[in-house]
Amino acid sequence: MSEDVSPEVAGQSSREMDRRKFLVRLTVALGSVGAVVVVAPSVAFLLGLRKTPQTWRTVGKLEDFTVGSTVNVSFEDPSPLPWAGVTSQSAAWLRRVNDQEFIAFSMICTHLGCPVRWLADADLFMCPCHGGVFYADGQVASGPPPKPLNRYPVRIHNNNVQILTLPVTIS
Amino acid sequence: MQIFKRIWLWFDDSTGLSAALGPVMSHPVPRARKTAWFYVLGSATLIAFLIQVATGIALASGYVPSSGQAYSSLVFISGAPIGRIIRGIHYFGANAMIILIGLHTIRVYLMASYKYPRQVNWLSGVFLLLLTLLMAFTGQLLRWDQTGYWSVLIAAQQSGRVPIIGNWVGHFILAGDSVGGATLGRFYAAHVFFFPGLIFLLVGFHLYLVVRNGISEAPSIDRPVEPETYRTWYHALLAREGEAFWPYALWRDAVFGLLVILTVVGLAIAIGPPGLGKPPDPTIVQATPRPEWYFLWYYAILSLIPKWSESLVMFWGPVIFGGALVLLPLVARKGQRSPWRRPWSIAIVAIVLFMIAYYGAVGKVAPWSPRMDAPPLPASVVGTTTGPIAQGAKVFHDKGCEYCHLVSGYGGIRGPDLTYAGDTMTPAEITTRIYSGATNMPSYRGNMTPEELSSLLAFLESRHRQPIQPPAPAANQ
């Protein structure tokens with residue numbers, strides 16, 4: 001210990017001190033640059049959220065749907081990743097209102113995101129998690145949901161019923 | 001055996017390990033008192049973590065972190081020889097880690113070991129507690145069955161309640177616009193690399209602080225902590241009556257640690273891992289996601305608080321609780337350590353444990369959840385198979401009334417029990433309720449025909465404590 005005299009104790013010229021200070025700053029600065037060069041692209045990759053284009057997806061032929069009934073339909077992600085498997089699917093509740101008009105409701109409860117079920121005999125949507133209930137038009141009937149069920153745009157194209165895919169709505 | 005000794009001597013000469021670690025292992029600690037066995041909880045938590053590392057590596061070698069294949073790879077692991085046991089050890093190891101870190105936190109809090117000079121010990125422990133909970137959540141999600149799938153959406157929706165950035169955070173969790181191929185990978189990376197890496201770093205830091213600041217001595221009413229003199233006093237105590245950590249303290253950790261390992265492995269063999277749910281297919285409508293027991297109490301509280309306060313509690317609840325844990329050693333940095341002179345600390349621990357147990361039990365029953373699988377009422381309950389009463393019983397089931405209302409043990413318990421509705425409500429009252437609804441009951445004004453309503457009324461009016469006796473014929477007339 002005693003032989004290892006620190007520069008301060010030895011009494012340095014101010015020029016030597018400036019050099020020391022400079023080298024400290026240089027090392028810290030170089031280290032920081034190196035860290036940023038590596039970390040920045042890694043973080044940027046994580047922050048780059050997957051945006052998917054909106055696409056019309058066919059869920060069935062016009063004649064497959066009976067006027068007045070609400071059924072469960074599923075359709076695929078607009079650009080499914082090859083390894084997404086069943087998770088590339090989305091499901092919706094589709095009702096044929098009349099000859100040419102359809103309504104599609106998101107299955108995701110606006111309360112906390114559980115999947116709502118259609119009670120055909122009661123004309124209600126019910127959530128199994130906290131008992132949120134929605135009327136047939138998607139408006140909140142009772143329970144904790146803060147907003148009506150989200151809807152997907154629907155169109156009839158060449159006798160096909162098509163749903164426009166949408167990002168998951170975060171309430 | 002001479003050869004091994006020579007190898008070790010060469011290795012030690014080259015590395016200086018015994019010179020560097022010897023003093024650490026044999027550093028003096030306060031002599032064991034009655035409380036000595038309470039000090040094994042920290043090392044036991046570490047042992048539980050190491051169980052997770054070992055079994056986690058084994059599981060990761062069979063797990064395919066792809067949204068489309070993770071589920072079938074888990075089916076494969078569960079069916080492979082030993083795979084079932086490894087999954088079981090990982091599951092019970094996770095439970096052990098949560099219980100032990102909870103008990104360790106309680107021990108440190110009750111004995112006020114977080115006071116000077118061990119405040120940063122506590123702070124690093126708070127982050128380890130948070131990381132343990134994050135590991136638990138991401139771990140159950142990696143099972144990637146139906147509950148795992150919906151857990152992602154629920155986590156995203158809950159994050160949506162964070163002010164301003166909520167929407168972005170929600171989509172960050174989903175890794176994009178919706179659950180898909182990109183989603184599972186980030187939970188895998190977090191659970192397998194990021195969080196464990198942080199845990200290793202923080203455990204190292206935590207242990208370094210334990211050695212630097214010394215193991216806290218058993219609290220004594222006569223000896224409040226005075227930061228000005230504490231270190232001097234503590235070192236004098238060690239010089240007077242300290243014992244070497246290795247082996248005079250560490251043997252207890254070895255005993256308790258082995259007990260933890262044997263319990264975890266024993267449960268894994270006897271009970272096995274939790275069963276997999278249905279596959280993570282969002283087109284399967286029948287899904288009822290539920291959290292694991294350690295989050296059930298939180299799920300219950302969120303379900304029971306008034307609707308208006310939900311977003312506030314979801315955001316401020318964790319912020320306030322975490323903030324209190326962080327502020328504790330900074331505010332209460334000196335003074336009395338004995339729990340007997342800090343009765344509020346005992347009360348707080350009792351309240352927290354009671355809440356976790358009570359609301360956990362409530363969450364298990366989940367009275368707020370409709371029972372959507374309730375079968376139609378059997379004829380033995382209805383009392384008849386024809387006529388308006390039987391018709392009404394069918395309406396009661398088909399319109400979903402039964403999912404929330406109990407009749408003779410059938411149905412849900414979200415709404416009032418209607419077993420004796422005929423005794424407690426008049427037909428007019430029942431009609432009003434059905435038509436106008438309530439906070440947690442939809443209005444059926446537009447959803448019921450007059451015929452359905454009248455048969456439903458007939459059914460509900462027939463619900464009596466005792467069958468009504470026909471009026472006795474008047475005597476003497």
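What you are looking at is a predicted structure, and each value in this text was computed from that prediction instead of being measured. In what follows, chains carry the letters A, B, and so on, assigned in the order in which the sequence lines appear, proteins first and then strands, with residues in each chain numbered from 1.
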**Message:** Looking at chain B, which one of A/Cys127, A/Gly131, A/Pro115 has the largest number of heavy-atom pairs inside 4.5 Å, strictly under?
**Reply:** A/Pro115

Can you tell me which portion of [X] sits under 4.5 Å from chain B's heavy atoms? Options are side chain, backbone, both or neither.
X: A/Val116; value: backbone
X: A/Met126; value: both
X: A/Thr110; value: backbone
X: A/Leu81; value: side chain
X: A/Leu166; value: neither
X: A/Pro78; value: neither

For [X], is it the side chain, the backbone, both or neither that has a heavy atom under 4.5 Å from a heavy atom of chain A?
X: B/Thr439; answer: backbone
X: B/Tyr149; answer: side chain
X: B/Tyr71; answer: neither
X: B/Leu184; answer: neither
X: B/Ala182; answer: both
X: B/Ala438; answer: backbone
X: B/Met314; answer: side chain
X: B/Lys307; answer: side chain

**Asked** Of all the residues in residues 89-98 of chain A, which have a heavy atom that comes within less than 4.5 Å of a heavy atom in chain B?
**Response** A/Gln89, A/Ser90, A/Ala91, A/Trp93

**Message:** If the contact rule is any heavy atom under 4.5 Å from chain A, which residues of residues 278-291 of chain B qualify, in numerical order?
**Reply:** B/Pro280, B/Asp281, B/Pro282, B/Thr283, B/Val285, B/Gln286, B/Ala287, B/Thr288, B/Pro289, B/Arg290

**Request:** Could you tell me the separation between the CD1 atom of A/Ile170 and the CD atom of B/Gln158, rounded to the nearest 0.5 Å?
**Result:** 11.5 Å

Go through [options] and name the one with the most non-hydrogen pairs under 4.5 angstrom from chain A.
options: B/Pro367, B/Ser66, B/Gly400; answer: B/Ser66
options: B/Cys404, B/Pro370, B/Gly160; answer: B/Pro370
options: B/Met441, B/Gln157, B/Arg414, B/Glu310; answer: B/Gln157

With a 4.5 Å heavy-atom cut-off, do [X] and [Y] have their side chains touching?
X: B/Tyr403; Y: A/Leu119; result: yes
X: A/Asp77; Y: B/Ser178; result: yes
X: A/Asp121; Y: B/Glu452; result: no
X: B/Trp150; Y: A/Leu112; result: no

Spell out, as yes or no, whether a donor-acceptor pair under 3.5 Å connects the side chain of [X] to the backbone of [Y].
X: B/Ser369; Y: A/Cys129; result: yes
X: A/Arg50; Y: B/Thr183; result: no
X: A/Trp83; Y: B/Gly181; result: yes
X: A/Tyr135; Y: B/Ser443; result: yes

**Request:** Might you point out which heavy atoms bring A/Ala122 and B/Lys399 nearest each other, and give the distance in Å?
**Result:** CB-O, 3.3 Å

**Request:** Please name the pair of heavy atoms, one in B/Phe172 and one in A/Leu46, separated by the smallest distance, quoted to 0.1 Å.
**Result:** CE1-O, 3.5 Å

**Message:** A/Val168 and side-chain contact (heavy atoms from CB on, under 4.5 Å): which single residue from B/Leu153, B/Val179, B/Asp177, B/Val152 fits?
**Reply:** B/Leu153

